[in-house]
Amino acid sequence: MPTTEAHAEPVAFDADFVANLHDRYGEIRSATPVQRMLTPHGLPVWTITRYDDVKAALTDPRLAKDFRRSREVIVAKTGGNGRPFNDDLNEQMLNLDPPDHTRLRKLVVKAFTARRIEALRPRVEEITAGLLDAVAGSDEIDLLDALAFPLPIQVICELLGVDESRRDDFRRWTNTLLDASDDESRGEAASAMGAYLIELVATKRQHPGDDLLTALIEVSEDEDRLSEPELISMVFLLLVAGHETTVNLIGNGMLALLRNPGQWAELVADPRLVTGVVEEALRFDGPVMHGTFRHTTDAVTFGDVEIPAGEIVWVGLASANHDPEKFPEPEKFDIHRDTQGHVSFGHGIHFCLGAQLARMEAQIAVRQLAERFPDLSGGGELDDVEWRFSTLIHGLQRLPVRLS
């Protein structure tokens with residue numbers, strides 16, 4: 001018979017939890033399919049931990065994403081604290097349910113095409129080569145600052161037609177929004193980014209170009225177009241997701257490779273292995289720990305745990321990817337394993353629109369590193385890295401490496 005106890009008192013999702021993410025989720029997953037947790041902002045959430053349940057949750061319409069209703073639930077449970085982001089940046093696909101989600105995704109897919117993404121490949125190769133040229137004479141570098149951050153931010157800025165000189169602003173704003181910052185700092189970052197995006201869209205309307213932002217402004221379907229708030233929110237989503245996920249995919253993947261020098265040597269000897277490397281990096285230490293907030297519209301049961309209606313839910317992507325029922329010996333990084341079915345890009349109607357771009361950038365970055373710097377090794381204690389304190393993004397503060 002289902003219970004709402006969710007196996008014990010709420011667990012604090014804090015910096016210690018993040019630092020020991022897979023061990024902590026392993027303990028929880030073995031005990032219960034759903035765990036009540038408490039975010040740093042005091043918001044109680046129910047976290048789904050097991051692979052089969054995560055896959056089911058990602059397609060269950062009773063776990064809704066409409067940000068307006070989620071905000072009401074969050075405010076009711078926290079007295080106003082712990083709210084996600086500024087509403088001006090929330091009217092995008094990730095925070096909506098059908099039919100609003102269906103309408104927006106249909107419009108955006110017409111502009112954000114697979115052909116447009118694949119056409120970027122030569123430019124991604126060129127940018128990567130230039131970034132590696134710039135550090136070729138160095139002994140030790142921070143791989144995040146030298147490659148993992150500048151590559152995807154330059155690509156997404158060029159794709160959208162955004163001035164790349166603002167990239168440091170984007171990094172500061174998104175780090176503040178996605179890390180466990182205080183509400184005042186997050187509000188200031190959201191306001192600053194929102195103001196910039198309003199100005200950017202207005203400028204692009206006056207001076208259209210051959211870029212994705214112009215295409216989003218002009219795209220239509222049966223005389224339907226993106227409204228101004230929808231357009232600004234969509235550019236926000238593409239900018240944030242377009243670089244944050246790839247930064248951490250490259251950083252986390254390279255950390256795993258450097259901790260497993262035998263597999264790095266295999267990649268150096270055969271760069272064609274890079275596809276398997278990136279997919280295992282996504283499974284092993286993917287860039288996103290949880291799906292964004294969902295709320296229950298009705299009671300829903302996973303295993304023997306019933307989540308009541310009107311609750312906030314995290315879908316545990318990182319936990320699912322380490323479920324031994326799906327991936328044997330999940331704690332081992334193995335570039336030859338079958339990673340089919342990992343949920344690092346989600347599942348169902350909210351599957352990540354930028355998955356193709358993130359995979360391409362990561363494959364090119366890791367392959368060129370193996371070709372240019374075959375003797376690459378850790379520049380510090382690889383067992384003592386510092387993880388960003390975020391409830392969403394799983395990424396490193398820095399990754400020092402030695403080039404030779």
Side-chain angles (χ1 to χ4, degrees), residues 22 118 120-152 154-155 245-287 321 327-340 342 344 355-385 387 394-404:
H22 298 304
E118 183 57 32
L120 291 170
R121 184 176 294 276
R123 182 60 180 144
V124 176
E125 295 272 9
E126 181 182 18
I127 294 171
T128 304
L131 290 169
L132 296 184
D133 285 343
V135 299
S138 305
D139 293 324
E140 184 173 311
I141 61 170
D142 178 356
L143 195 58
L144 299 189
D145 283 344
L147 178 64
F149 170 70
L151 170 61
Q154 186 168 344
V155 171
T245 53
T246 310
V247 170
N248 298 310
L249 172 54
I250 295 171
N252 298 358
M254 287 304 303
L255 174 64
L257 277 171
L258 294 174
R259 283 175 166 174
N260 293 271
Q263 295 186 62
W264 171 253
E266 284 190 71
L267 176 63
V268 169
D270 185 2
R272 293 172 299 179
L273 294 173
V274 73
T275 300
V277 169
V278 170
E279 293 308 307
E280 175 64 344
L282 283 163
R283 182 209 66 84
F284 184 74
D285 253 338
N321 283 337
F327 301 106
E329 297 183 290
E331 72 285 354
K332 292 186 177 180
F333 183 77
D334 180 4
I335 63 176
H336 301 290
R337 84 158 67 235
D338 180 5
T339 57
Q340 187 171 1
H342 74 69
S344 294
Q356 178 187 356
L357 179 58
R359 283 181 163 120
M360 178 202 299
E361 290 176 320
Q363 289 170 12
I364 290 171
V366 173
R367 176 180 52 77
Q368 285 203 28
L369 277 168
E371 291 171 343
R372 294 282 297 275
F373 305 108
D375 297 323
L376 189 75
S377 61
E381 289 296 329
L382 294 179
D383 292 330
D384 192 30
V385 295
W387 295 95
H394 185 49
L396 299 164
Q397 293 284 10
R398 56 191 303 269
L399 180 57
V401 299
R402 288 186 290 269
L403 298 183
S404 62

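No hydrogens, no waters, no symmetry mates; every other heavy atom, side chains included, goes into these values.
At a cut-off of 3.5 Å, with distance as the only test, no side-chain donor of D139 or S404 sits close to an acceptor on the other residue. Between the side chains of Q340 and E279, no donor-acceptor pair is found at a separation under 3.5 Å. Using a 3.5 Å distance cut-off with no hydrogens or angles, the side chains of H394 and D285 do pair a donor with an acceptor.
For the atom pair CZ of R337 and CZ of F284, the computed distance is 9.0 Å after rounding to the nearest 0.5 Å. We find the CG-CG distance between L403 and D375 to be 10.0 Å, quoted to the nearest 0.5 Å. Atom CD1 of I141 and atom CG of L147 lie 7.5 Å apart (nearest 0.5 Å). Once rounded to the nearest 0.5 Å, the distance linking OG1 of T339 with CG of N321 reads 9.5 Å. If you take CG on N248 and CG on L255, they are separated by 11.5 Å, rounding to the nearest 0.5 Å.
A cation-pi contact links R283 to F327, judged by a cut-off of 6.0 Å to the six-membered ring centre and 45° from its axis.
Shown here for R372 and A136, the closest heavy-atom pair between the two residues is NH2-CB, 4.1 Å. Heavy atoms only, all atoms of each residue included: S344 and G286 are closest at OG-CA, 4.2 Å. Residues L144 and G251 come closest through the heavy atom pair CD2-CA, 3.8 Å. For the pair V247 and A148, the tightest heavy-atom approach, listed with the atom from each and the gap, is CG2-O, 3.2 Å. Closest approach of N252 to G395, counting heavy atoms only: OD1-CA, 3.8 Å. Smallest separation of non-hydrogen atoms from I250 and A362: CG1-CA, 4.0 Å.
L143 places a side-chain heavy atom less than 4.5 Å from the side chain of L369. Between L132 and T128 there is a side-chain heavy-atom pair separated by less than 4.5 Å. Side chains of D142 and F149 form no contact here, defined as non-hydrogen atoms less than 4.5 Å apart. E329 places none of its side-chain heavy atoms less than 4.5 Å from the side chain of D334. Within the 4.5 Å cutoff, no side-chain heavy atoms of L382 are placed close to those of S377. Within the 4.5 Å cutoff, side-chain heavy atoms of L120 are placed close to those of L357. Side-chain contact between H342 and E280 is absent, with no heavy-atom pair separated by less than 4.5 Å. Side-chain contact between Q154 and V124 is absent, with no heavy-atom pair separated by less than 4.5 Å.
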Could you please spell out the steps behind the side chain to side chain contact (heavy atoms under 4.5 Å, CB included) verdict for V401 and L258?
CA-CA 9 Å; V401 299; L258 294 174; 3.6 Å; yes
Given the rule in the side chain to side chain contact (heavy atoms under 4.5 Å, CB included) test, do R398 and D145 qualify, once you have shown the distances and angles that lead to the verdict?
CA-CA 8 Å; R398 56 191 303 269; D145 283 344; over 6 Å; no
How far apart are the C-alpha atoms of L282 and R359, what are their side-chain angles, what is the distance that settles it, and do they pass the side chain to side chain contact (heavy atoms under 4.5 Å, CB included) test?
CA-CA 9 Å; L282 283 163; R359 283 181 163 120; 4.3 Å; yes
Can you list the steps and then say if H336 with Q263 is a side-chain hydrogen bond (donor to acceptor under 3.5 Å, both in side chains)?
CA-CA 9 Å; H336 301 290; Q263 295 186 62; 5.8 Å; no
Residues V366, M254; criterion side chain to side chain contact (heavy atoms under 4.5 Å, CB included); working and verdict:
CA-CA 7 Å; V366 173; M254 287 304 303; 4.1 Å; yes
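For CG of D133, the number of neighbouring non-hydrogen atoms (other residues, nucleotides, ligands) closer than 6.0 Å is greater than 12.
Qualifying side-chain hydrogen bond (donor to acceptor under 3.5 Å, both in side chains) partners for D270, counting only residues two or more places apart in sequence or in other chains: R272. V268 is linked by a side chain to side chain contact (heavy atoms under 4.5 Å, CB included) to W264, A370, P374, counting only residues two or more places apart in sequence or in another chain.
Between R121 and E361, no side-chain nitrogen of the basic residue sits less than 4.0 Å from a carboxylate oxygen of the acidic one, so the salt-bridge criterion is not met.
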